[in-house]
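Following: one structure in structure tokens, then a few remarks.
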Amino acid sequence: MRTQVAIIGAGPAGLLLSQLLNRAGVATMVLERQSRAHVLSRIRAGVLEQGTVDLLNRAGVGARMAREGQHHSGCYLTHDQQMIRIDFAQACGAEVMVYGQTEVTRDLYRAQDAIGAQHVHGVKNVVLHDLAGKTPYVTYDLDGVTHRIDCDFIAGCDGFHGVSRKSIPESVRREYEKVYPFGWLGVLSETPPLHEELIYANHPRGFALASMRNPMLSRYYIQVPLSDRVEDWSDAAFWDELKLRLPSDLARDLVTGPSIEKSIAPLRSFVSEPMRFGGLFLCGDAAHIVPPTGAKGLNLAASDVHYLSEGLIAHYTTRDSSGLETYSEKALARIWQAMRFSWSVTTMMHRFPEHGAYDQQMQRVELMQLSANPAAQRLFAENYTGLPY
Ligand code: APR
Ligand code: PHB
């Protein structure tokens, strides 16, 4: 079997790349190791930068997002019972769209079905071949039969644990990693959100976040030690701890309910360079991971897909391969900016085991600057709502 671009992974990066390429007449084949139901069962953040919204609209998958998404022109940072609102609109004239990643993925699948895009789910033993040569190909197993896909290029959209990044020789890869000494315990509940905007809380007991999916679906997080397990936390214990970390006048209004999803995720910052090796291009979590504090994961996958799809479409339609030659450098320039922002907000808002009184003073002063300094608010707002592509 032959295609123009073989795409490994049917997460947001793989599906969005497939959708944009197919709409431009570039043939693709998406290989996904999980079932579609499993992919759609994932609960992930959905704070979309304007660039991501624009890209989804260009891909023809923006209709439901426009109907059901929520426009947010600000968010809150809290500490010492104070509420600091960052007014995105006033600070930089931008906003974000709150629309769950699960819904983005669902919309992408529907659009891919409508154009008859090629997907194979449940694949095993995906192996990338001849990446440094001129005839890259992919082999995979399905129902005990080994298949081969010959292609011009391979897009590694298979996330942090995928096969693509590891197919680049270690001698070529430069990897940067920071593992944070805590995790996030997240709860999804069919309750009305605490507030109409997101609330990020810095508290001596630890970080907390009040977010949402829609007017009757709320998402909350509290920072927990890495040694904690989900079974250590009853719903009641979670709600009690969350209330302790929020300003008391807000905590009083918190509507609690049974968790319909509860999980602990570790936090790490990770980048693997370069994002191209011969015929292989890495996209999204396959190349980088951000701590969720800055809500950049999905948005970086989108900007990678923007750069790669533009490069591939130009290659096939005008024989101009300059976008492919500059892909890694261009994507990494934006990724490192998002890495800095995610790291800085994580450092400002969490309790670190090794932090002393001086470090906590630094957090307090940073938050006071954000409260009083328009330049500080603009820098935060520009990064949170998304730097230009
Ligand atoms: N073969 C085929 N598919 C694979 C393989 C493999 N060897 N390894 C992983 N996959 C699939 C996974 O099952 C997953 O569906 O690749 C997909 C990768 O999707 P994501 O992990 O969602 O990564 P990405 O598409 O880059 O989206 C990034 O998702 O993880 C969040 O926070 C992250 O919001 C960000 C977004
Ligand atoms: C979420 O709603 O899951 C969410 C929102 C913002 C973040 C992280 C997670 O920064």
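All ligand and atom numbering here is 1-based and tracks the order in the structure.
Taking only nitrogen or oxygen atoms, main chain and side chain alike, R44 does not reach within less than 3.5 Å of ligand 2. An N or O contact shorter than 3.5 Å links A13 to ligand 1 by distance. Looking at ligand 1, you'll find an N or O of R44 within less than 3.5 Å of one of its N or O atoms. Residue P292 has at least one N or O atom closer than 3.5 Å to an N or O atom of ligand 2. Ligand 2 has an N or O atom lying under 3.5 Å from an N or O atom of T293, backbone or side chain. At least one N/O-N/O distance between Y221 and ligand 2 falls below 3.5 Å.
By the 30° and 60° cut-offs, the orientation of the rings of H121 relative to H119 is perpendicular. Taking the six-membered ring where the residue is Trp, W184 and F207 present parallel rings, their angle staying beneath 30° rather than reaching 60°.
Heavy atoms of W184 found under 4.0 angstrom from ligand 2 belong exclusively to the side chain. Residue-level proximity to ligand 1 for L298 is carried by backbone and side chain together, each with a heavy atom below 4.0 angstrom. Only the side chain of I8 comes within contact range of ligand 1, with a heavy atom under 4.0 Å; no backbone atom does.
For ligand 2, the atoms closer than 4.0 angstrom to any heavy atom of R219 are 3 (O). Atoms of ligand 1 found under 4.0 Å from any heavy atom of L31 (numbered from 1 in listed order, with element): 2 (C), 3 (N). Of all atoms in ligand 2, listed by their number and element, those nearer than 4.0 Å to a heavy atom of V47 are 5 (C), 6 (C). Remark: ligand 2 atoms within the under-4.0 Å shell around heavy atoms of Y200 are 6 (C), 7 (C), 10 (O). Near G162, with a cut-off below 4.0 Å to any heavy atom, the atoms of ligand 1 are 8 (N). Atoms of ligand 1 lying under 4.0 Å from any heavy atom of V126, numbered from 1 in the order shown and given with element: 1 (N). Each of the following atoms of ligand 1 lies closer than 4.0 Å to a heavy atom of G284: 26 (O). Every atom of ligand 2 with a heavy atom of L198 under 4.0 Å away is listed here by number and element: 5 (C), 6 (C). Counting the atoms of ligand 1 from 1 in the order shown, those under 4.0 Å from a heavy atom of Q34 are 13 (O).
The protein heavy-atom contact nearest to atom 19 (O) of ligand 1 is G11 CA, 3.5 Å. At the shortest separation from atom 9 (C) of ligand 1 among protein heavy atoms lies D158 O, 3.1 Å. The protein atom (non-hydrogen) at minimum distance from atom 34 (O) of ligand 1 is Q101 OE1, 2.6 Å. At the top of the distance list for atom 21 (O) of ligand 1, counting protein heavy atoms only, stands G159 CA, 3.8 Å. Looking at atom 27 (O) of ligand 1, its nearest protein heavy atom turns out to be P12 CD, 3.5 Å. Closest to atom 11 (C) of ligand 1, if we only count protein heavy atoms, is E32 OE1, 3.3 Å. Looking only at protein heavy atoms, the nearest one to atom 23 (O) of ligand 1 is D285 CB, 3.8 Å. In terms of protein heavy-atom proximity, atom 4 (C) of ligand 2 is closest to A45 CB, 3.6 Å.
Put simply, the side chain of D130 gets close to the backbone of T135: a donor and an acceptor are under 3.5 Å apart. Looking at Y220, its side chain does come within 3.5 Å of a backbone N or O of L194 through a donor-acceptor pair.
Minimum heavy-atom separation, A91 to R378: O-CG, 3.5 Å. Residues I313 and L20 come closest through the heavy atom pair CD1-O, 4.0 Å. The minimum heavy-atom distance between P193 and M212, with the atom names listed, is CG-CB, 3.4 Å. Between T346 and F352, the shortest heavy-atom contact is O-CE1, 3.8 Å. Residue D107 comes nearest to M65 through the heavy atom pair OD2-N, 4.4 Å, listed as atom of the first residue, atom of the second, then distance. Minimum heavy-atom separation, E175 to S272: OE2-OG, 3.6 Å.
Residues T78 and N202 have side chains that never bring a donor and an acceptor to within less than 3.5 angstrom of each other. If you check the side chains of D54 and Y389, you find no donor sitting under 3.5 Å from an acceptor.
Using a 4.0 Å heavy-atom cutoff, L209 is listed among the residues neighbouring ligand 2.
When P292, G9, C157, G297 are ranked by how near their heavy atoms come to atom 18 (C) of ligand 1, first place goes to C157. The residue among L40, V163, L128, V123 with a heavy atom at the shortest distance from atom 7 (N) of ligand 1 is V163. Checking A295, S211, S342 against atom 2 (O) of ligand 2, the nearest heavy atom belongs to S211. Compare K124, R33, H121, R42 by their heavy atoms: the one nearest to atom 14 (C) of ligand 1 is in R42.
Under 4.0 Å is where a charged nitrogen must lie from a carboxylate oxygen, and between R33 and D158 no such pair does. Taking a cutoff of 4.0 Å between a charged side-chain nitrogen and a carboxylate oxygen, R110 and D113 do not qualify as a salt bridge.
The environment of W343 atom CH2 is sparse: at most 12 non-hydrogen atoms of other residues, nucleotides or ligands sit within 6.0 angstrom.
Cation-pi geometry between R276 and F281 is not met: the NZ or CZ atom fails to fall both under 6.0 Å from the ring centre and inside 45° of the normal.
Residues S211 and S218 are not in side-chain contact: their nearest non-hydrogen atoms beyond the backbone lie 4.5 Å or more apart. Looking at heavy atoms from C-beta onward, M275 lies out of side-chain contact with E329 at the 4.5 angstrom threshold.
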